There are 2 protein chains.
Amino acid sequence: MSSEQLLEQLRRDVVTGIFIAGEKLPIDALRQRYGAGLSPLREVLNRLAATGLIEQLPQRGFRVPALTRADLEDVASLRIELETRALRDALIHGDDHWLDEVMACLYRLKRTPLRPDADVEQWEMCHRAFHLALIGACPSPWRRRFVGVLYDQFDRYRRAAPERPDLRDTLDAHHEQLATLAERRQVEEAVALLERHIQLSFEVALDCLPHSA
Amino acid sequence: MSSEQLLEQLRRDVVTGIFIAGEKLPIDALRQRYGAGLSPLREVLNRLAATGLIEQLPQRGFRVPALTRADLEDVASLRIELETRALRDALIHGDDHWLDEVMACLYRLKRTPLRPDADVEQWEMCHRAFHLALIGACPSPWRRRFVGVLYDQFDRYRRAAPERPDLRDTLDAHHEQLATLAERRQVEEAVALLERHIQLSFEVALDCLPHSA
DNA sequence: TTTCATCATAAAATCGATTTTTTGCACTAT
DNA sequence: ATAGTGCAAAAAATCGATTTTATGATGAAA
């Protein structure tokens with residue numbers, strides 16, 4: 001498996017929750033799991049550690065960061081701040097080609113079923129592609145980069161949380177409405193909706209934590 | 001040289017401009033330069049590539065990213081956005097221990113001379129420590145992380161630009177004023193000053209680019 | 001003269017083995 | 001019984017060698 005694919009595979013597996021939060025990632029076990037060599041594997045782990053998707057403890061290997069309420073709140077609020085502005089700029093600067101891409105992602109997302117028995121990973125990829133496509137016309141590469149990082153961080157929580165069938169339709173409707181508002185360049189409405197969308201997802205994600213308090 | 005030190009050394013050398021922007025970073029040359037082994041070196045390069053301080057071209061090694069006006073404007077504006085908010089939150093949440101740290105960094109910075117003949121690197125380290133100390137009490141780890149990334153990116157430009165003795169005193173005064181405003185918890189004044197400070201540094205940094213247009 | 005293909009060189013990426021460090025356990029002394 | 005020490009096993013980090021891939025030069029054909 002090439003280094004490029006390995007990075008993507010490992011990123012996905014961490015976000016998916018294949019590895020439990022807080023769990024250690026023993027190099028040899030990963031080596032076997034992915035059939036990868038030592039060097040490419042360590043390089044990929046270093047890359048993921050640099051973006052915060054995994055942690056490195058010097059001389060003690062790598063581990064998956066724990067899920068905490070404080071971190072989730074931090075990720076969610078910063079994501080709202082950066083992503084709403086990214087959406088605003090995308091709606092202002094986006095051209096027809098960008099809209100095509102958004103619509104294409106929307107239709108792929110709509111036609112991909114989200115059921116426990118189906119391939120959830122397929123839906124997740126479409127969902128991610130749609131959100132990133134929405135801000136694809138944001139003219140700030142650094143903002144897009146940070147939004148991408150926060151999206152993955154957020155997703156670790158959301159995907160660790162139990163399903164909420166009562167909210168599924170609302171969240172799905174948001175996606176369609178966001179695309180429509182993007183098409184009509186209704187900036188303020190779109191920004192407000194995206195904030196609500198992330199806020200609602202945040203509340204869903206909270207359920208992955210022990211609700212003692 | 002340990003992996004930890006190697007990372008810090010290489011980060012510093014890239015920001016300092018030891019390597020010319022756009023230049024290729026041949027592994028073997030780096031291996032010699034730092035007396036490092038292949039594996040630790042490649043791991044460090046991968047980490048830096050993940051944060052954007054260097055670029056990786058698959059199968060073609062690593063290079064230092066070019067300096068462009070568009071990138072500088074992107075970095076500067078996002079830095080202003082994230083760092084002013086970080087300062088606001090720091091002033092609101094910071095305790096006495098944080099203030100001690102800010103003042104300690106300020107005094108180290110003030111007593112460190114900035115002259116071409118002296119050890120510029122020493123001043124740069126103090127300058128960085130001061131700015132990061134200012135936002136040290138910001139309660140959002142992710143915001144602090146992103147600010148740190150943008151600080152380094154910004155510094156590549158600032159340090160590539162020629163000296164501006166006419167602005168030196170103003171910029172130095174800003175640091176002292178920022179510390180004073182932090183001590184007095186004058187949030188709005190501090191935030192406004194930090195924005196001006198970065199804006200002025202941005203104008204200095206612009207001089208590292210060919211001023212054709 | 002230009003373009004394309006081929007080969008030789010150099011560089012990057014990967015691999016397997018070695019070294020270093022940590023960790024868990026048994027043993028001893030208090 | 002507990003705290004501390006030493007040892008053995010396991011894991012991480014590093015190294016040198018090998019393999020793979022890109023690059024630049026050479027020569028042949030159009």
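Only a predicted model underlies this, so the values are computations on that prediction, with no experimental measurement involved. Residue numbering restarts at 1 for every chain, and letters A, B, ... go by the order of the sequence lines.
Here B:Lys24 does not reach the OP1 or OP2 of C:dA11: none of its side-chain N or O atoms lies under 4.0 Å away. The phosphate of C:dT14 has neither OP1 nor OP2 within less than 4.0 Å of any side-chain N or O from B:Gln59. For A:Arg31 and C:dC15, the shortest distance from a side-chain N or O to OP1 or OP2 is not below 4.0 Å.
One can place CG of A:Leu57 at 11 Å from P of D:dA12, the figure rounded to the nearest angstrom. Taking atom CG on B:Leu7 and atom P on D:dT14, their separation rounds to 12 Å, with Å as the unit. Distance, B:Leu25 CG to C:dA12 P: 9 Å, rounded to whole Å. Spacing between atom CD of B:Gln32 and atom P of C:dA12 amounts to 13 Å, rounded to whole angstrom units. Rounded to a whole Å, the CG atom of A:Asp28 is 12 Å from the P atom of C:dG16. Atom P of nucleotide C:dA13 and atom CG of B:Leu30 are separated by 12 Å, given to the nearest angstrom.
In the helix from C:dT1-D:dA30 to C:dT30-D:dA1, the rotation axis of the first five pairs and that of the last five pairs differ in direction by 20°, rounded to 10 degrees.
A heavy atom lying under 4.0 Å from DNA chain C marks the following residues of residues 37-49 of chain B, by number: B:Leu38, B:Arg42.
Contact of the A:Leu82 side chain with the B:Leu82 side chain is registered, since non-hydrogen atoms from C-beta on lie closer than 4.5 Å. Considering only heavy atoms from C-beta on, A:Arg79 stays 4.5 Å or farther from A:Gln153 through its side chain. For the pair A:Met125/A:Arg128, no side-chain contact is recorded, criterion being any heavy-atom separation below 4.5 Å from C-beta on. Residues A:Phe202 and A:Tyr157 have side chains not in contact (no heavy-atom distance under 4.5 Å, counting atoms from C-beta outward).
Using a 4.0 Å heavy-atom distance criterion, B:Gln56 is classed as a sugar-phosphate-only contact.
Relative ring orientation between B:His127 and B:His131 is described as perpendicular, the plane-to-plane angle rising above 60° on a 0-90° scale split at 30° and 60°. B:His197 and B:His174 have perpendicular rings, their planes meeting at more than 60° on a 0 to 90° scale where under 30° would count as parallel.
Look at B:Glu203 and B:Arg164 and you find no salt bridge, because none of the NZ, NE, NH1 or NH2 atoms lies under 4.0 Å from a carboxylate O. Under the 4.0 Å criterion applied to side-chain N and carboxylate O atoms, B:Arg156 and B:Asp152 are not assigned as salt-bridge partners. Note on B:Glu43 versus B:Arg47: no salt bridge recorded, every NZ/NE/NH1/NH2 to OD/OE distance being 4.0 Å or above.
The side chain of B:Ile27 lies closest to C:dA12, out of C:dA12, D:dA12, D:dT23.
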